[in-house]
J.: 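Have a look at the structure that comes next, please.
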Amino acid sequence: MNGLKDMMRALEQEDGEGKNLTPKQAQILKAAVEIFAEKGYASSSTSEIAARANVAEGTIFRHYKTKKDLLISIVTPFMAKFMVPFFAARFTRRVFDEPPEEFRSLLSTILKDRFAFAAENAPLLRIVLQEMAFHPELQQRFQDVFIKDVYPKFEAALDRLKQGGQVVDKPNSTIIRMIMSAVMGFLITRFILSPDLDWDDEREIEETVAFIMYGLAEK
């Protein structure tokens, strides 16, 4: 997918501190992405990563003090270079800066954007989802991005929809939680848990939109 290729180009160009990566660092990061996505962080070893990268294991530790440092070196640029621009620019501009007149339009736009992002970055998304619960640093990074860049505009869009009588008058935090739970549940099932099922993606997107819409619509 283009998203993974773009991500690997970003990782190859610089590390989390803006320094250029060496060719061996790029090989290590690429191998780590593949193995962490295949086996999970806890079940992966630096010896496996070294073998996949065709470097000595000691070379990994010259660049990254621990396996945890290697994970952070992958996930932090992923969030910074893809999640932050996606939320702050493309996502928020398309979804919120020109707010849709109908609740269905808002939900459909959110889900299609999230679907495209997940499809393009499935291996890296798998790593983030697998490891988020076990690494407070990753949780904090994601929360900072969501609360700063997305939540305020999400609230503003919902307030406008409430004023138009299109959304039930519940707390915005509750509505956002319900929407995100349904969206992320669909995407995790589609790309992480059961990617090989015979999916009708367009229909699943519409069914998910309808499920949320009729559950939250003003009666």
Side-chain angles (χ1 to χ4, degrees), residues 1-19 21-84 86-87 114-147 150 177 180-197 199:
M1 293 290 183
N2 291 335
L4 180 57
K5 291 179 181 178
D6 289 343
M7 185 63 232
M8 290 314 306
R9 279 197 292 270
L11 290 174
E12 289 169 6
Q13 288 170 3
E14 59 182 47
D15 64 12
E17 299 178 350
K19 301 174 183 177
L21 294 179
T22 67
K24 285 189 177 180
Q25 279 180 290
Q27 290 172 232
I28 292 166
L29 289 175
K30 183 175 184 298
V33 168
E34 293 171 354
I35 290 177
F36 287 160
E38 291 168 9
K39 303 183 65 174
Y41 171 81
S43 299
S44 302
S45 69
T46 52
S47 61
E48 292 175 297
I49 294 169
R52 180 77 62 93
N54 198 28
V55 301
E57 188 173 8
T59 303
I60 293 179
F61 294 115
R62 281 200 294 273
H63 295 292
Y64 307 98
K65 294 180 180 179
T66 65
K67 187 174 72 166
K68 178 72 167 287
D69 287 340
L70 182 54
L71 174 69
I72 299 301
S73 293
I74 291 168
V75 173
T76 298
F78 172 66
M79 289 183 177
K81 293 180 179 296
F82 285 82
M83 300 283 280
V84 173
F86 183 81
F87 282 142
R114 292 285 71 194
F115 184 93
F117 178 75
E120 291 175 354
N121 298 278
L124 288 156
L125 179 64
R126 179 186 291 273
I127 293 171
V128 172
L129 292 174
Q130 286 173 336
E131 306 308 329
M132 187 81 74
F134 305 105
H135 303 283
E137 304 96 323
L138 304 186
Q139 298 170 22
Q140 188 62 53
R141 179 59 177 153
F142 183 82
Q143 289 170 8
D144 289 346
V145 170
F146 187 82
I147 292 172
V150 177
R177 176 179 56 77
M180 295 304 294
S181 295
V183 170
M184 292 306 297
F186 165 52
L187 296 179
I188 290 170
T189 303
R190 172 63 180 85
F191 293 106
I192 307 300
L193 299 179
S194 303
D196 297 325
L197 292 181
W199 290 91

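It should be emphasised that the depicted structure is a prediction, and the values quoted were computed from it without experimental measurement.
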J.: Between R52 and E38, is the side-chain contact (heavy atoms from CB on, under 4.5 Å) condition met? List the steps.
T.: CA-CA 12 Å; R52 180 77 62 93; E38 291 168 9; 3.1 Å; yes

J.: Treating Y41 as the side-chain partner and F134 as the backbone partner, does any N or O pair qualify as donor plus acceptor under 3.5 Å?
T.: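 No: the side chain of Y41 does not pair with the backbone of F134.
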
J.: With rounding to the nearest 0.5 angstrom, report the CD to CD distance, E34 to E48.
T.: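 Result: 12.5 Å between the selected atoms.
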
J.: Compare every heavy atom of R126 with every heavy atom of I192, then report the nearest pair and how far apart it is.
T.: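 Taking every non-hydrogen atom into account, O-NH2, 3.4 Å.
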
J.: Using side-chain heavy atoms (C-beta onward) and a distance below 4.5 Å, is T59 in contact with Y64?
T.: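 T59 does not reach Y64 side chain to side chain.
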
J.: Side-chain contact, heavy-atom cut-off 4.5 Å: I49 with F36?
T.: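 Yes, side chains in contact.
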
J.: With a 6.0 Å cut-off (strictly less than), is the heavy-atom count around NZ of K67, excluding the residue itself, greater than 12?
T.: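 Check passes, neighbour count above 12.
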
J.: Taking it one step at a time, do L71 and T66 satisfy side-chain contact (heavy atoms from CB on, under 4.5 Å)?
T.: CA-CA 9 Å; L71 174 69; T66 65; over 6 Å; no

J.: Which atoms form the tightest heavy-atom contact between K39 and S44, and what is the distance?
T.: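 Smallest heavy-atom distance, with atoms named: CB-OG, 3.7 Å.
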
J.: Return the minimal non-hydrogen interatomic distance between L29 and L70, and the atom names on each side.
T.: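 In terms of heavy atoms, the two residues are closest at CD2-CD1, 3.7 Å.
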
J.: Please work out which of the three classes, parallel, tilted or perpendicular, describes the rings of F115 and F186, given edges at 30° and 60°.
T.: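 Judged by the thresholds at 30° and 60°, the geometry between F186 and F115 is parallel.
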
J.: Strictly by modelled atom types, are T46 and E57 linked by a side-chain donor-acceptor pair under 3.5 Å?
T.: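 Note: T46 and E57 side chains meet the donor-acceptor criterion.
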
J.: Donor-acceptor pair, S194 side chain versus R190 backbone, under 3.5 Å?
T.: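 Not at all, since once roles are kept as given, no pair shorter than 3.5 Å links the two residues.
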
J.: In Å, rounded to the nearest 0.5 Å, how long is the span from CG of L187 to CG of L193?
T.: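 Reported to 0.5 Å precision, the distance equals 11.0 Å.
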
J.: Minimum heavy-atom separation for A56 and A50, please, with both atom names.
T.: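 So the minimum-distance heavy-atom pair works out to C-CB, 4.0 Å.
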
J.: Is atom CG of N54 surrounded by more than 12 heavy atoms (other residues, nucleotides or ligands) closer than 6.0 Å?
T.: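 No.
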
